[in-house]
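Before any comments, here is the structure.
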Amino acid sequence: MEPTSLSGLPSGVGEALEAEGVAELYPPQAEAVEAGLLEGENLVAAVPTASGKTLIAELAMLSAIERGGTALYIVPLRALASEKRAEFERFEEFGVTVGVSTGNYESDGEWLATRDVIVATSEKVDSLIRNGAPWIDDLSCVVSDEIHLVNDRSRGPTLEVTLAKLRRINEGLQTVALSATVGNAREIADWLDAALVDSDWRPIDLRVGVHANGAIDFDDGSRTDVPVGDPPTDDQTAALVDDALDTVEDGRGGSSLVFVNSRRNAESAARNLARVTRRHLEEAEREELDALAEEIRSGSETDTGESLAEVIEAGAAFHHAGLTSDQRALVEDAFRDRLIKCICATPTLAAGVNTPARRVIVRDWRRYDGEFGGMKPLDALEVHQMCGRAGRPGLDPYGEAVLLANDAEQSEELFDRYVWADAEPVRSKLAAEPALRTHVLATIATGFASTREGLFEFLANTLYAEQADDDRHLRSVTDGVVEYLVANEFLERERDGGREALAATSIGHTVSRLYLDPMSAAELIDGLRAAGGGGSAASDGTDTLDADGVRYAPSEDPDEQADGFVTYGRVDGDGKGGDGERSDDGAAAAAAGDAGIDLTPLGLYHLVSRTPDMYELYLKSGDEERYTQTYYEREAELLGAAPSEHEEVRFEDWLASLKTARLLEDWATEVDEDRIAERYQVGPGDVRGKVDAAEWLLRAAETLAREIDLPEAAVTSIRDARKRVEYGVREELLELAGVREVGRKRARRLYEAGIASRDDLREADKATVLGALRGRERTAETILENAGREDPSMDDVRPDASAAAAATAGAGTEEDEDGQSNLGDFR
DNA sequence: GTCAGGATGATCTAGACAGCATGTC
DNA sequence: CTAGATCATCCTGAC
């Protein structure tokens, strides 16, 4: 089937595809077309990675657009959204417009409505539905990429529910779902009332094998010797990477992708393999790599950045979530450009953007899992996804995926478990409390259901219902969740004649729209109420707003306390307990004495850190004592009642949150990034992640504080705390850091040079500004312009030396808690 | 006295979505 | 409490 013979596409598209090199549709693509893809039929395509799934999606969307409709493309990761946008934009010459909507990158809402194709993450789509984005109603085609992720415990249910909602809103909606090859594609197709294309076909051959005893046994029966024992390739991985580099096509050796099970392993393996890749570099490559390393170093002065730079110089790299998104993108691009010869990665890369390699090496096939209680073998699906990264279209005659085994016995096990095995079936994870908590609330708040029965009727459209023998379990979890939501006043029961109806309260609507886990919202509300809505921190002493003794204790309705599950996270008592005394029974004494607890940044950071929407920091050895100590010292700042120290698990969580809060506080007091990374033993990417999450949650907290009528001073405290994490500065720099192009470092330099505000920037002596900015004229001009200065030009201005000196001295203004380790600190 | 190298014990463990306001493909 | 790799530390034995 040739692309030009397809009907129903915008004119010229067929020819354009042909020009791209699509002479003939791949068999699965042709099968999809025969199943009515171009006529709006539903379709599930379960095919291997890189076998033309994207074209299937494109054909569906283009034909929908040709019929006058619009399409939505749902991706699992933000990084994939931009990748897909770039891909789809090649159809702009046919008048097809593309827009993206994700959490951190949003095209204007109205503008989006004019796009033909919108790319969004599943959470964003869910959020858009909750917030009533009008264009959702007008969609004619939805494509869901990587739909096997409904199997994911934490994020799968959202995709499942979102698809159910989209299909409910618009009965005629064409649904196209793309999946990896899974055990039960038929079931997914049945759920979506779709035709099924289930195929193992690939455009590039993939050979999968197991390496043991110096040779790879491939699934096609062939065997390749790759001896081990010749330093510096004296381990399996190194030997295989070396071997791949020896197979030269068009002048360059084959690249490898190594999957390992921890960040530490990724970094140490990269160091090890750098010795191998280094020997395969040419002079020109060496220079380019040096430039890349330099870019990494200038981007983030952390240990992680430094060790990444070091291995990059040798043509290797590691890749995991501790890297910033910049660092990751840089590594991915350089690998695609064939400059980096080998990446050692955690599973970030298996599900992420497209980074094919000549050879994939699955070094570790077990990973620690706390719930499982030990090292758990990876799912076959996961390993298949990794292996699917082997084979670069147009470069490799075939891809090779190699699993590593210690001996013949293990080799056999790996063949059975992964090489010959089919991927596991996808199972809905919807019937779990955390998932239902948020989706039940949203379902009612957005009017998809208004009674208990209505809820079940809606949930019958999910994959869970398709798979479950009966819905008793789902019903019982749902009932429990409804109780929880009612007890926390997110939902209320109404008598409507004889029937009992469910409706979202005003707060419930807010929580749904904020996209918060209701449990996070409950935690935030309880914490804020327990604080008594005191004025802002000692900064200005205006505590007048709570002078009337207003205390925001929770309601004392005894019914609410009947069930531990229902009242989880609520604060008992009347808020008149002793002065911040710790309560040993978990009740009472939440609020402090007469002055009320101020909302300090640390208190707020701790509050947001203990919500389920914040990923927990791990307590390492020694942390338990360290943060117990911190807890005693700063107990008065923390909001709400601490769990008793005897409740070990909950108390540990409390300390872990305190650790996160301290990290955020460090960030908000201008502690250097590398210092933070070292102190908490995290990567720069983790710091950014924590800061982003805190920013988001504090914004939500601000809205909730208004909703529950806390005094304006409390709202202001929250906003200031939020801005301080957002910019990473102390209070006095908030205004400066709000100026575009002024970050935490420049703000501090300007401040030390005597410039403290936007007005100062407009009025200040230019020589001072230039001096503070270390003589960078372009930067200084841009900043002055952004601050609204009439005459930003720096022509003929010479930097003021004393300002430069002050700025430099001020750059080290961080608190030092290590004390003796820093004798040079004269402050 | 020193140092290589083995035995023992301690330590640690993947990932990443959302809001909102601006400026950017 | 579960597992396994890695790393720090201590110990041994050879010189």
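Residue numbers begin at 1 in each chain, while the letters A, B, ... track the order of the sequences. The figures here come from the full heavy-atom set of this structure, side chains too, leaving out hydrogens, waters and symmetry mates.
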Is any side-chain N or O of [X] closer than 4.0 Å to OP1 or OP2 of [N]?
| X | N | answer |
| --- | --- | --- |
| Thr346(A) | dG15(B) | yes |
| Arg78(A) | dC17(B) | yes |
| Arg90(A) | dC25(B) | no |
| Ser154(A) | dG15(B) | no |
| Arg263(A) | dG15(B) | yes |

>> I want to confirm an ordering. Mapping Arg328(A) and Lys620(A) to their closest nucleotides on DNA chain B, which one lands closer to the 5' end?
In response: Lys620(A)
>> Let me spell it out: for each of Ala693(A) and Pro347(A), pick the nucleotide of DNA chain B with the closest heavy atom. Which residue's pick is nearer the 5' end?
In response: Pro347(A)
Rounded distance (Å) that lies between atom [atom2] of [N] and atom [atom1] of [X]:
| X | N | atom1 | atom2 | result |
| --- | --- | --- | --- | --- |
| Leu149(A) | dG15(B) | CG | C1' | 12 Å |
| Leu619(A) | dT11(B) | CG | C1' | 14 Å |
| His319(A) | dA14(B) | NE2 | P | 15 Å |
| Leu617(A) | dA14(B) | CG | C1' | 15 Å |
| Asp517(A) | dA16(B) | CG | C1' | 15 Å |
| Tyr615(A) | dA18(B) | OH | P | 16 Å |
| Gln385(A) | dA14(B) | CD | C1' | 15 Å |
| Ile129(A) | dA18(B) | CD1 | C1' | 14 Å |

Measure from the side-chain heavy atoms of [X] and tell me the nearest of [options].
| X | options | result |
| --- | --- | --- |
| Thr102(A) | dA14(B), dA18(B), dC12(B) | dA18(B) |
| His320(A) | dG15(B), dA18(B), dA14(B) | dG15(B) |
| Leu77(A) | dG15(B), dC25(B), dA16(B) | dA16(B) |
| Gln681(A) | dA18(B), dC17(B), dC12(B) | dC12(B) |
| Ser621(A) | dT11(B), dA18(B), dA16(B) | dT11(B) |

>> So, taking the atom named CG in Leu166(A) and the one named CD1 in Ile74(A), what distance separates them when rounded to the nearest 0.5 Å?
In response: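 Going from CG on Leu166(A) over to CD1 on Ile74(A), the span is 5.5 Å.
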What does [X] touch in the nucleic acid at a heavy-atom separation under 4.0 angstrom: a base, only the sugar-phosphate, or nothing?
| X | answer |
| --- | --- |
| Lys376(A) | nothing |
| Asn786(A) | nothing |
| Arg153(A) | nothing |
| Gly103(A) | base |

Does [X] pair with [Y] as a salt bridge, N-O distance under 4.0 Å?
| X | Y | value |
| --- | --- | --- |
| Glu726(A) | Lys723(A) | no |
| Glu58(A) | Arg90(A) | yes |
| Asp623(A) | Lys620(A) | no |
| Glu702(A) | Arg719(A) | yes |
| Arg437(A) | Asp517(A) | yes |

> Does CG belonging to Asp303(A) count more than 12 external heavy atoms closer than 6.0 Å?
Replying inline: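 For Asp303(A), atom CG is not crowded (no more than 12 foreign heavy atoms under 6.0 Å).
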>> Would you measure the distance from the P atom in dA18(B) across to the matching atom in dC1(C) and give it in whole Å?
In response: 40 Å
> Does DNA chain B take part in any stems of at least 3 consecutive Watson-Crick or G-U pairs (both distances under 3.5 Å), and if so, which ones?
Replying inline: B:1-13 with C:3-15
> Can you check side chain to side chain donor-acceptor pair (under 3.5 Å) on Tyr515(A) and Asp126(A), steps first, answer last?
Replying inline: CA-CA 9 Å; Tyr515(A) 211 78; Asp126(A) 188 17; 2.9 Å; yes
>> Just to verify, which of Arg263(A), Glu332(A), Glu267(A), Gln327(A) counts as forming a side chain to side chain donor-acceptor pair (under 3.5 Å) with His319(A)?
In response: Glu332(A)
>> Restricting to non-hydrogen atoms, name the atom on Cys342(A) and the atom on Val258(A) that form the minimum distance, rounded to 0.1 Å.
In response: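 Smallest interatomic distance, heavy atoms only, reads SG-CG2, 4.1 Å.
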>> Could you walk me through whether Leu163(A) and Ile147(A) satisfy the side chain to side chain contact (heavy atoms under 4.5 Å, CB included) test, starting with their C-alpha distance in whole Å, then the side-chain angles of each, then the deciding distance to 0.1 Å, before giving a yes or no?
In response: CA-CA 10 Å; Leu163(A) 279 177; Ile147(A) 199 171; 3.6 Å; yes
Got a list of protein N/O to nucleotides 1-8 of chain C N/O distances below 3.5 Å?
unit_1: dT2(C); atom_1: O2; unit_2: Gly373(A); atom_2: O; d: 3.3
unit_1: dA3(C); atom_1: O4'; unit_2: Met375(A); atom_2: N; d: 3.1

